[in-house]
Protein chains: 2
Amino acid sequence: MTDRENALALAEVRLTPVLVADPPLLNTQGVHQPYTPRLIIEVVTERGVTGLGETYGDAGYLELAKPLAGSLIGRSVTDLNGLPALAAEVCGDAAAATGPDAVDVGGLRGVRTADKLRLSVLSGFEVACLDAWGKAVGLPVHALLGGKVRDTVEYSAYLFYRWAAHPDGRGERDDWGAALDPAGVVAQARRFADTYGFTSFKLKGGVFEPAQEVAAIKALAEAFPGRPLRLDPNGAWSVATALAVAEELGDVLEYLEDPVSGTARMAEVAAALGGTGPGGGPGTPPGGARLPLATNMCVTTFGEIAEAFTRDAVQIVLSDHHYWGGLRATRELAAVCAAFGVGVSMHSNTHLGISLAAMTQVAATLPGLRYACDSHYPWQTEDVLTERLAFHDGRVTVGDAPGLGVELDRDRLAVLHRRWLADDGTLRDRDDAAAMRRADPGWTAPAVPRW
Amino acid sequence: MTDRENALALAEVRLTPVLVADPPLLNTQGVHQPYTPRLIIEVVTERGVTGLGETYGDAGYLELAKPLAGSLIGRSVTDLNGLPALAAEVCGDAAAATGPDAVDVGGLRGVRTADKLRLSVLSGFEVACLDAWGKAVGLPVHALLGGKVRDTVEYSAYLFYRWAAHPDGRGERDDWGAALDPAGVVAQARRFADTYGFTSFKLKGGVFEPAQEVAAIKALAEAFPGRPLRLDPNGAWSVATALAVAEELGDVLEYLEDPVSGTARMAEVAAALGGTGPGGGPGTPPGGARLPLATNMCVTTFGEIAEAFTRDAVQIVLSDHHYWGGLRATRELAAVCAAFGVGVSMHSNTHLGISLAAMTQVAATLPGLRYACDSHYPWQTEDVLTERLAFHDGRVTVGDAPGLGVELDRDRLAVLHRRWLADDGTLRDRDDAAAMRRADPGWTAPAVPRW
């Protein structure tokens, strides 16, 4: 290690699990819990510079985060290429004990393997190291990633079918009210547009039978003519249903996200929609552009890319830096996508401002980003930052302050951590099906295809 | 731009074309000229930190380098993601005027397009910016790329058929003597092994009819039992010849490099050698591992990857950071290769120590690098550095000094630049066929397949 790297060596790593208020947002597996676990990571250099990271906070992730945190002491914040091997080494036993299926959020995070769990954990450390590195040398994270190519990053309004409140009066209240039909979805979209300036809209589908969701998209198209719309049933449909929906909505959708489960079925849908075959990138059938398919379910790891791209199963990959192993891995994913003519954008699960800042910093560096990114952030009324990130005209400004440009509010962190400590264990693993059973005791996460 | 980025802004860019002594090394297109053009790039920050880069020095590259150099003034050395767009903008006219075929080194650099010329030029600037950035903040280039995963990088002995001297007494003399048969090749390999400790050997083929080159590889296998051997005829063979050679040498070759020209023919050879079909990565046929194919000719740009990987045409890509657009692009290429189970290593053309340092820094950061890299450096008796890089046990140590860890010798640079100034123009574009005509006036670069 060089002198400079020694100065950037880590002296301390702090892990703080929190429970964050989450509204009763519906998806095909169930409903969001009233509180969702997240893990806040702080890395501190020898010279006292602190970097922030955030990732999933379920028990399986915490199990892996502990040994990895310990192993980082003495390493430079610049020493990132070795993190996967380090994580495999120090987390091996924990991952084996936890098992590949230990963290189950109803399949919404794609394939679950020990490798992917480790990547999800180390991504939080990678972001924290980049934040600390940037702060230590006075550069924003985007500069450490080679510099921004845009000054703002566009996000889409993430629309959900939802209840007015959680069952049994649990959780925090909000004033959004229920959205359970096309009119409710349009009203929600209108409020998002008015409040944040979003001009691109995504509806989380797979909740109601497809005709109702088709009607909701058509209502959105009428309310926001010409605006980019997306529908994401989280793989709940059959190939036939996906094609029927594509037929109905082909003219108004920007893309269709995970209409079916698995690469084979996605490839079948893509081919039927007019693909040009392997290696050709997104196909343009005679008479017009085909409706592209996006995914954050069948391509969630580098190991899943070859089959999907070779079969032309997906035309847009929605990256999630948590899954993929961090901001640098996200850039690598974008490079793979670019080489295959596949588009790239960003997926989101419930997250706080640290992750939104990280998403924004890396998104700013991707020349090939052509779609508005997803973010749950507007649904999160709580945060651990002294100042929330803001959306203007549907965009987040790419900060030029050192690191991620955000500051931890220790009081808020303590409050959310105490909530985690106080929990009896029922909320420490996100389980949308269990949350749904509060309202519907017989509920089990439906098998796919559901329709 | 942030304050820190302002401090890293460029105040000056210097371009110095040089002619570098090159031995009479033979390839299928002809012979190396007695002197080869290279371009030395210096970027200087507002605070006086100088970064070094190196790339091809042919006239077509110089034409593009001039406007790009001018456009860098005032930009931060960290602002690298925007370089391709900047180069396209400012070099557009020059590239159009130069035309895609203006720089012709006999096809040895793969497809020639304006895009690729620009990438080859900007790679030199990217390396120079990384060097300056590293020096400014006290970090080695490998740390700016996320940190090294190894402390030394292995190189192979790059064996050439060669004459004892250039025709007409031109160029610099050396004491290697001729190598024009198996015994000569083995003697050359022995000297490389004794002097530098190389334990991996690559023979540049395509010079003699295949049976003689097969004999040379067999002689090497006998002289260095169990050592990794490669043969590279630069695409000179037909599919049938390639398969016949593979049959003869399958047991002793680590890989066969560009046996045929073009992705279609490479795919045909790979399939016949036992591929498992698209998307499966390198195939392992029943009964043993197939002989992998490597390339630095049919996959030299990101645009060529999809077809080659989808068709399983190549199993190893030999990256050249000059072609691909720099060290960060090399890392992206490695990520694409990793996703498709394709191996990665490094190609080399005639280059100096700045590029060897750059190759070593980036190679150190690639977890998936499993093959010894190629380098012409041992053939270059001249350099522009105060201290030459050294091979020990066939390896170059990954420096931890700031930047690339090399220092420019301005006197040597001036000597080699004066040679370039004094040239009547005949050597300013590398032309191996023209050099061959000095010995064989009727020579034209052979059409492929030659055999």
Side-chain angles (χ1 to χ4, degrees), chain A residues 1-5 7-8 75-76 78-85 126 133-134 136-140 142-149 277-281 301-312 328-329 331-336 338-342 364-367 400-402, chain B residues 1-5 7-8 75-76 78-85 126 133-134 136-140 142-149 277-281 301-312 328-329 331-336 338-342 364-367 400-402:
Chain A
M1 200 180 281
T2 65
D3 290 349
R4 181 67 208 188
E5 284 173 303
L8 294 172
R75 284 175 68 101
S76 168
T78 64
D79 198 359
L80 301 171
N81 294 320
L83 279 184
E126 189 241 26
W133 181 1
V137 299
L139 287 172
H142 70 71
L144 300 179
L145 301 174
K148 64 182 179 183
V149 295
T301 67
F302 284 96
E304 293 167 312
I305 287 177
E307 187 193 355
F309 286 14
T310 303
R311 299 177 72 171
D312 192 24
R328 297 160 64 262
R331 287 183 46 80
E332 292 181 351
L333 168 62
V336 184
F340 281 78
V342 171
T365 72
L366 302 176
D400 286 331
Chain B
M1 200 180 283
T2 65
D3 291 348
R4 181 67 208 187
E5 285 173 304
L8 294 172
R75 284 174 69 100
S76 169
T78 65
D79 198 358
L80 301 171
N81 294 321
L83 280 185
E126 189 241 25
W133 181 1
V137 300
L139 287 171
H142 70 72
L144 300 179
L145 300 174
K148 63 183 179 183
V149 295
T301 66
F302 284 97
E304 294 167 311
I305 287 177
E307 186 193 354
F309 286 14
T310 303
R311 299 177 71 170
D312 192 25
R328 298 159 63 260
R331 287 182 47 79
E332 292 181 352
L333 168 63
V336 183
F340 281 78
V342 171
T365 72
L366 301 176
D400 286 332

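Chain letters run A, B, ... following the sequence lines, proteins first and then strands; every chain starts at 1.
- Proximity to chain B (any heavy atom under 4.5 Å) is shown, for A/Leu144, by both the backbone and the side chain.
- Per-residue heavy-atom pair counts under 4.5 Å with chain B were compared for A/Leu333, A/Asn81, A/Val336, and the maximum is reached by A/Asn81.
- Looking at B/Arg331, its side chain never comes within 3.5 Å of a backbone N or O of A/Glu332 through a donor-acceptor pair.
- For the atom pair CD1 (B/Ile305) and CZ (A/Phe309), the distance works out to 12.0 Å, reported to the nearest 0.5 Å.
- Classified by interplanar angle (parallel below 30°, tilted 30° to 60°, perpendicular above 60°), the ring pair B/Phe340/A/Phe340 is parallel.
- The candidate with the highest count of non-hydrogen atom pairs below 4.5 Å against chain B, out of A/Pro402, A/Gly146, A/Ala335, is A/Gly146.
- Put simply, NZ on A/Lys148 and OG1 on B/Thr78 are 10.5 Å apart, with the number rounded to the nearest 0.5 Å.
- Of all heavy-atom pairs spanning A/Ala339 and B/Ala306, the tightest one is O-CB, 3.8 Å.
- A donor-acceptor contact shorter than 3.5 Å is absent between the side chain of A/Asp79 and the backbone of B/Gly147.
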